[in-house]
Asks: 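The structure that follows is given in the form of structure tokens.
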Amino acid sequence: MSESNKTNFSNPSTFILLGIPGLEAAHIWISIPFCAMYAIAVLGNFTILFIVKREPSLHVPMFYFLCMLAVIDLVMSAFTLPRMLSIFWFNSREISFSACLTQMYFVQCFSGMGSGILVAMAFDRYVAICHPLRHSTTLTNSVVAKIGLAVVLRSGILALPYPFLARQLPYCRTNVIPHFYCQHIAVVKLACADIRISSYYGLFDLLFVIGMDGCFIAVSYIQILRAIFHLPTKDAWLKIFGTCISHLCAISALYITNVFSSLMFRFGHNMPLHFLVLISGVYHIVPPVLHPIIYGLRTEQIWGRLLQLFTHKET
């Protein structure tokens, strides 16, 4: 490659997204379950938002945080799944360099927001179970709004280095990204320079957010379990514990897929590339699908209101 060509390519105007490398012939078939799950995610999360808005009895911190989580899931999946489907259906593979960095930033940003909201929901459960008489005075609307703002600011700041570091790298090898969106590590691996700073920062961000949030959640649930074990009857124990099941399932859906996907892309060198990309797709679609299903089925207020709406329509 001549020096002039190398210089010109060091600032690519566009990247090419491959989709799922090695499975291009099966893209149409792969798109069917992903499209179905994306439709379920959009319908389920909009249903959560609609029911909470329509039902005044649900205007409490727990459901405010649930609405925040629904918005995060909708935006997070909107930044990746439509792009995946456009590659599968219309072979629309080009993405500009600026759009790629923008997508990278918002995906990282909203991923961190989801974790932060789960911490807020754990704190809400802790106050409601361990200090029920102080719940309404502790988690006021103003406090809920400040918690939401803090989650947004933390995630927005932590995500800033991703596009900044990626923009500084020279891309003189290829502009073909072996992925269906501009995942941070998949993009920086295309650079013909030392990417250790970018890679280390990504690992630090993952471990810092998951580690810090996981500690807060663990402390909250340790206190909740201590309170539960002091309850006088088994029925009361089961009732209180049942209110936490939805949140624990949501935590598992987000953290397990996130950690597994991120670590596999960094250290799973012997894993097939198409498997790693598929795992990344699972991370971006499974939590938005599961969250409304988990909370819809496990939360009596939402399930009851949903059944009431359908009953009124039939009559």
Side-chain angles (χ1 to χ4, degrees), residues 15-45 72-95 99-100 103-104 106-112 114-115 162 166 174-190 195 199 202-203 205-206 210 249-294:
F15 282 116
I16 306 298
L17 296 166
L18 284 185
I20 302 179
L23 297 180
E24 287 85 355
H27 274 178
I28 293 295
W29 296 106
I30 296 173
S31 71
I32 295 174
F34 277 100
C35 181
M37 287 190 289
Y38 182 52
I40 293 171
V42 171
L43 179 62
N45 285 289
I72 290 168
D73 284 341
L74 286 169
V75 177
M76 175 82 165
S77 57
F79 268 101
T80 54
L81 271 300
R83 167 60 66 176
M84 172 196 278
L85 296 177
S86 69
I87 295 172
F88 290 173
W89 292 343
F90 310 114
N91 202 33
S92 177
R93 300 175 182 271
E94 288 193 3
I95 183 171
C100 185
Q103 185 188 51
M104 180 191 300
F106 281 107
V107 168
Q108 294 296 148
C109 184
F110 279 91
S111 177
S115 179
Y162 286 103
T174 179
N175 65 339
V176 179
I177 301 174
H179 215 297
F180 60 84
Y181 81 101
C182 292
Q183 188 205 42
H184 167 249
I185 196 67
V187 172
V188 299
K189 280 184 175 181
L190 304 182
I195 64 169
S199 181
L203 190 60
D205 182 34
L206 174 70
I210 299 297
C249 292
I251 292 171
S252 300
L254 181 69
Y255 284 3
I256 292 176
T257 54
N258 186 9
V259 172
F260 187 75
S261 173
S262 298
L263 294 182
M264 282 298 97
F265 246 98
R266 284 175 170 80
F267 305 113
H269 304 298
N270 297 324
M271 303 295 292
L273 185 57
H274 64 267
F275 174 77
L276 299 178
V277 176
L278 279 172
I279 289 297
S280 180
V282 169
Y283 161 62
H284 284 281
I285 192 58
V286 167
V289 170
L290 287 184
H291 289 162
I293 294 175
I294 290 169

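For reference, positions follow the sequence shown, starting with 1.
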Asks: Among residues at least two apart in sequence or on other chains, which ones pass side chain to side chain contact (heavy atoms under 4.5 Å, CB included) with V42?
Replies: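 For V42 the side chain to side chain contact (heavy atoms under 4.5 Å, CB included) partners, ignoring immediate neighbours, are Y38, F46, L74.
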Asks: Quick one: list whatever passes side-chain hydrogen bond (donor to acceptor under 3.5 Å, both in side chains) with N45, sequence neighbours left out.
Replies: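 N45 satisfies side-chain hydrogen bond (donor to acceptor under 3.5 Å, both in side chains) with no other residue.
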Asks: Checking the side chain of Q103 only, and the main-chain atoms of F79 only, is there a donor and an acceptor separated by less than 3.5 Å?
Replies: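 Yes, because the side chain of Q103 sits within donor-acceptor range (under 3.5 Å) of the backbone of F79.
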Asks: Return the CG to OG distance between L81 and S86, rounded to the nearest 0.5 Å.
Replies: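 So the CG of L81 and the OG of S86 are separated by 10.5 Å.
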Asks: With rounding to the nearest 0.5 angstrom, report the CE to CD1 distance, M271 to I279.
Replies: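 So the gap between those two atoms works out to 7.5 Å.
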Asks: Throw together a table of side-chain donor-acceptor distances under 3.5 angstrom for residues 87-94, partners on residues two or more places apart or in other chains.
Replies:
unit_1 : atom_1 : unit_2 : atom_2 : d
W89    : NE1    : S31    : OG     : 2.9
N91    : OD1    : R93    : NE     : 2.4
N91    : OD1    : R93    : NH2    : 3.0
R93    : NH1    : L17    : O      : 3.4
R93    : NH1    : L18    : O      : 2.8

Asks: Taking side chain to side chain contact (heavy atoms under 4.5 Å, CB included) as the test, write out the residues that go with L43, two or more places apart.
Replies: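 With neighbours one apart ignored, the set is T47.
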Asks: If you look at every heavy atom in V289 and A41, which pair is closest and at what distance?
Replies: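 It is CG2-CB, 3.9 Å.
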Asks: Who are the side chain to side chain contact (heavy atoms under 4.5 Å, CB included) partners of A39, not counting sequence neighbours?
Replies: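 In terms of side chain to side chain contact (heavy atoms under 4.5 Å, CB included), with neighbours along the sequence ignored, A39 is linked to no residue.
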Asks: Heavy atoms only: give me the nearest H27-I20 pair and the separation to one decimal.
Replies: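 What the structure gives for the nearest pair is NE2-N, 3.2 Å.
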Asks: Using every non-hydrogen atom in the two residues, find where L273 and P21 come nearest and quote the distance to one decimal.
Replies: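 That closest heavy-atom pairing would be CD2-CG, 3.8 Å.
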Asks: Just jot down the ring-ring contact (aromatic ring centres under 6.0 Å, His included) partners of Y255, sequence neighbours excluded, or say none.
Replies: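 With neighbours one apart ignored, the set is empty.
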Asks: Do you know which two heavy atoms are closest between P287 and P292, and how far apart they sit?
Replies: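 In this case the closest contact between P287 and P292 is O-CD, 4.5 Å.
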Asks: Write out all pairs satisfying side-chain hydrogen bond (donor to acceptor under 3.5 Å, both in side chains) with one or both partners inside residues 272-285, taking only residues at least two apart or from two chains.
Replies: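 Residue pairs with at least one partner in residues 272-285: S111-Y283, H179-S280, Y181-H284.
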Asks: Between E24 (side chain) and G22 (backbone), is there a donor-acceptor pair under 3.5 Å?
Replies: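 Flag set: sc E24 to bb G22 pair under 3.5 Å.
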Asks: Going by heavy atoms in the side chains, are V277 and P178 under 4.5 Å from each other?
Replies: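 With C-beta onward as the side chain, the pair stays apart.
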Asks: Residues two or more places apart in sequence or in another chain: which of them pass side chain to side chain contact (heavy atoms under 4.5 Å, CB included) with I195?
Replies: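 I195 satisfies side chain to side chain contact (heavy atoms under 4.5 Å, CB included) with L169, V188, K189, A191 only.
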Asks: Enter the distance from L254:CG to M76:CE here, rounded to the nearest 0.5 Å.
Replies: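 Interatomic distance, L254 CG to M76 CE, rounded to 0.5 Å: 8.0 Å.
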Asks: Check step by step if side-chain contact (heavy atoms from CB on, under 4.5 Å) holds for N175 and L190.
Replies: CA-CA 7 Å; N175 65 339; L190 304 182; 5.8 Å; no
Asks: Where do P82 and S77 come nearest, in terms of heavy atoms and distance?
Replies: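 That closest heavy-atom pairing would be CD-O, 3.3 Å.
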Asks: How would you list, by chain and number, every residue that makes a ring-ring contact (aromatic ring centres under 6.0 Å, His included) with F34, sequence neighbours excluded?
Replies: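 For F34, no residue satisfies ring-ring contact (aromatic ring centres under 6.0 Å, His included) once neighbours in sequence are set aside.
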Asks: Distance check, rounded to the nearest 0.5 Å: I30 atom CD1 versus L85 atom CG?
Replies: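 Going from CD1 on I30 over to CG on L85, the span is 11.5 Å.
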Asks: Quick one: disulfide (SG to SG under 2.5 Å) partners of C100, sequence neighbours excluded?
Replies: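 With sequence neighbours excluded, C100 shows a disulfide (SG to SG under 2.5 Å) to C182, given in chain and number order.
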